[in-house]
Amino acid sequence: MTPIKLAIVVPCYNEEAVLPLSAKELLAILDRLVEDGKIMPDSFILCCDDGSKDATWSVINRLHLTDNRIKGIALAHNRGHQNALLAGLMSVRGKCDAAVSIDADLQDDPNAIIEMVDKFLEGKEIIYGVREKRDSDTWFKRTTARSFYRFQQLMGVNAIADHADFRLMSSRAIELLADYSESNLYLRGIVPMIGLDNAIVTYDRHARAAGESKYPLSKMLSFSIDGITSFSAKPMRMVFFTGFALLIIDILVAIYVIASILFSDHLEAGWASLIISIWFLGSLILMAIGIVGEYIGKIFIEVKQRPRYAIRDILFD
């Protein structure tokens, strides 16, 4: 078994409280893998500061001075989790044999990295970290998460259920990922499209060691919409078929109205049904316009071809 050079990519946003704890645990994982002869001693951790407003970048600098295996890049401004993660992966491109992406909050179990490396050494090129259970979540969080994955699959998005962005990718997988140039990033949908030999590692998710969640409900809903509209045109197709079904109903209602006029002696005014129909069709039209507008907005962003991020500072010596 030839040891590999491993990079651990950690996107960070306002993580000054938890980052020292995360670095300590991840360094311990590197030490263990080095002792087992699975990775090379110059394997490293890359912290990607996503334009944090707190002292996250100062913490990364201090950790770098303490242990040279901790590297860092700082984005010029906040670009979101997916862009920060991509910036980290592109920064380690060509500098490692494999890269693990993991959030800084210690909710994903770092010990699962050991099993990921084992599966990589067996020949797998993409290894997904998947939550084994959601017992620690509230009923609302558990229900919305399951609905999220089911809805994505219904919409045609090839995403791994209960998988966030905790995964190992080979250097070849990272090279292939670099070919995906869209601005509307949804890595959970892009990575499965790469199509290399893959595997799954299950783990138990923990509570945050410190700090606050960076994914409130509003961000999760926005993330879900981005994921669906970036990979599937099914919502627009569903609107079309809904409109077609309503057209059939309208034809049947028109036949009924004409028959009532021709054969009925007394025809009552249908004020209630008319108002309900107007409100229903008006809401449907607005929803349809909103869905089409979402796609047009993404086209608008894509055609400008602006850089997805800009790196302000680099600690990579």
Side-chain angles (χ1 to χ4, degrees), residues 7-19 22-23 26 45-54 56-57 59-60 71-93 99-110 126 128-131 141 144-145 148-149 152 157 159-160 162-169 174 177-178 180-192 205-231 298 301 306-313:
I8 300 178
V9 177
V10 186
C12 311
Y13 179 68
N14 293 345
E15 298 288 8
E16 63 173 334
V18 77
L19 199 51
S22 305
L26 293 174
I45 300 167
L46 178 65
C47 299
C48 312
D49 180 20
D50 183 23
S52 297
K53 298 177 181 177
D54 63 1
T56 296
W57 183 242
V59 172
I60 294 172
K71 319 291 185 183
I73 61 171
L75 302 191
H77 56 286
N78 179 248
R79 292 295 295 155
H81 178 272
Q82 297 291 280
N83 281 299
L85 177 53
L86 182 70
L89 290 172
M90 293 303 103
S91 295
V92 303
R93 178 185 175 193
V100 172
S101 57
I102 183 172
D103 289 342
D105 55 20
L106 292 181
Q107 289 189 278
D108 297 322
D109 186 4
I126 301 175
Y128 301 100
V130 175
R131 293 182 63 171
K141 175 72 173 178
T144 53
F148 167 72
Y149 289 114
Q152 279 196 323
V157 182
I160 308 296
D162 292 326
H163 164 69
D165 286 295
F166 184 27
R167 69 179 74 88
L168 181 148
M169 299 179 68
I174 295 172
L177 176 63
Y180 290 81
S181 58
E182 57 252 50
S183 297
N184 298 289
L185 277 179
Y186 186 66
L187 293 175
R188 301 180 196 182
I190 293 175
V191 174
R205 190 169 171 86
H206 309 302
R208 284 183 65 93
E212 298 178 352
S213 173
K214 306 304 183 297
Y215 270 96
L217 180 60
S218 58
K219 274 196 174 183
M220 287 300 296
L221 288 173
S222 176
F223 195 49
S224 175
I225 292 170
D226 282 343
I228 292 166
T229 54
S230 294
F231 286 89
K298 289 190 179 297
I301 292 171
R306 290 176 177 171
R308 289 175 289 196
Y309 54 83
I311 296 177
R312 185 193 70 213
D313 291 310

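Any value given below was found using the heavy atoms of this structure, including those in side chains, with hydrogens, waters and symmetry copies removed.
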Rounded to the nearest 0.5 Å, what separates atom [atom1] in [X] from atom [atom2] in [Y]?
| X | Y | atom1 | atom2 | answer |
| --- | --- | --- | --- | --- |
| Leu187 | Asp165 | CG | CG | 6.0 Å |
| Ile126 | Ile174 | CD1 | CD1 | 9.5 Å |
| Cys47 | Leu26 | SG | CG | 8.0 Å |
| Arg188 | Gln82 | CZ | CD | 6.5 Å |
| His81 | Cys12 | NE2 | SG | 9.5 Å |

- Message: Which heavy atom of Ala178 sits nearest to which heavy atom of Met90, and what is that distance?
- Response: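 Shortest heavy-atom separation between Ala178 and Met90 comes out as CB-SD, 3.7 Å.
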- Give the minimum heavy-atom separation between Tyr13 and Ser52, together with the two atoms involved.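 Shortest heavy-atom contact: CA-OG, 3.3 Å.
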So [Y] and [X], do their side chains get closer than 4.5 Å, heavy atoms only?
| X | Y | result |
| --- | --- | --- |
| Asp49 | Asp313 | no |
| Val92 | Lys71 | no |
| Cys48 | Leu46 | yes |
| Ser91 | Ile311 | yes |

- Message: Under the rule for side chain to side chain contact (heavy atoms under 4.5 Å, CB included), what residues qualify as partners of Ala87, not counting sequence neighbours?
- Response: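 Per chain and number, Ala87 pairs via side chain to side chain contact (heavy atoms under 4.5 Å, CB included) with Ile73, Leu75, Tyr309.
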- Step-by-step side-chain contact (heavy atoms from CB on, under 4.5 Å) determination, Val59 to Asp54: CA-CA 10 Å; Val59 172; Asp54 63 1; over 6 Å; no
Can you tell me if [X] uses its side chain to pair, donor with acceptor, with the backbone of [Y] under 3.5 Å?
| X | Y | value |
| --- | --- | --- |
| Arg167 | Val130 | no |
| Thr56 | Glu15 | yes |
| Arg79 | Arg308 | yes |
| Asp105 | Gln107 | yes |

- Are the charged groups of Arg205 and Asp108 less than 4.0 angstrom apart, N to O?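 Counted as a salt bridge, because a side-chain N and a carboxylate O are separated by less than 4.0 Å.
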- Query: What residues form a side chain to side chain donor-acceptor pair (under 3.5 Å) with Asp50, not counting sequence neighbours?
  - Reply: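 Residues passing side chain to side chain donor-acceptor pair (under 3.5 Å) with Asp50: Asn78.
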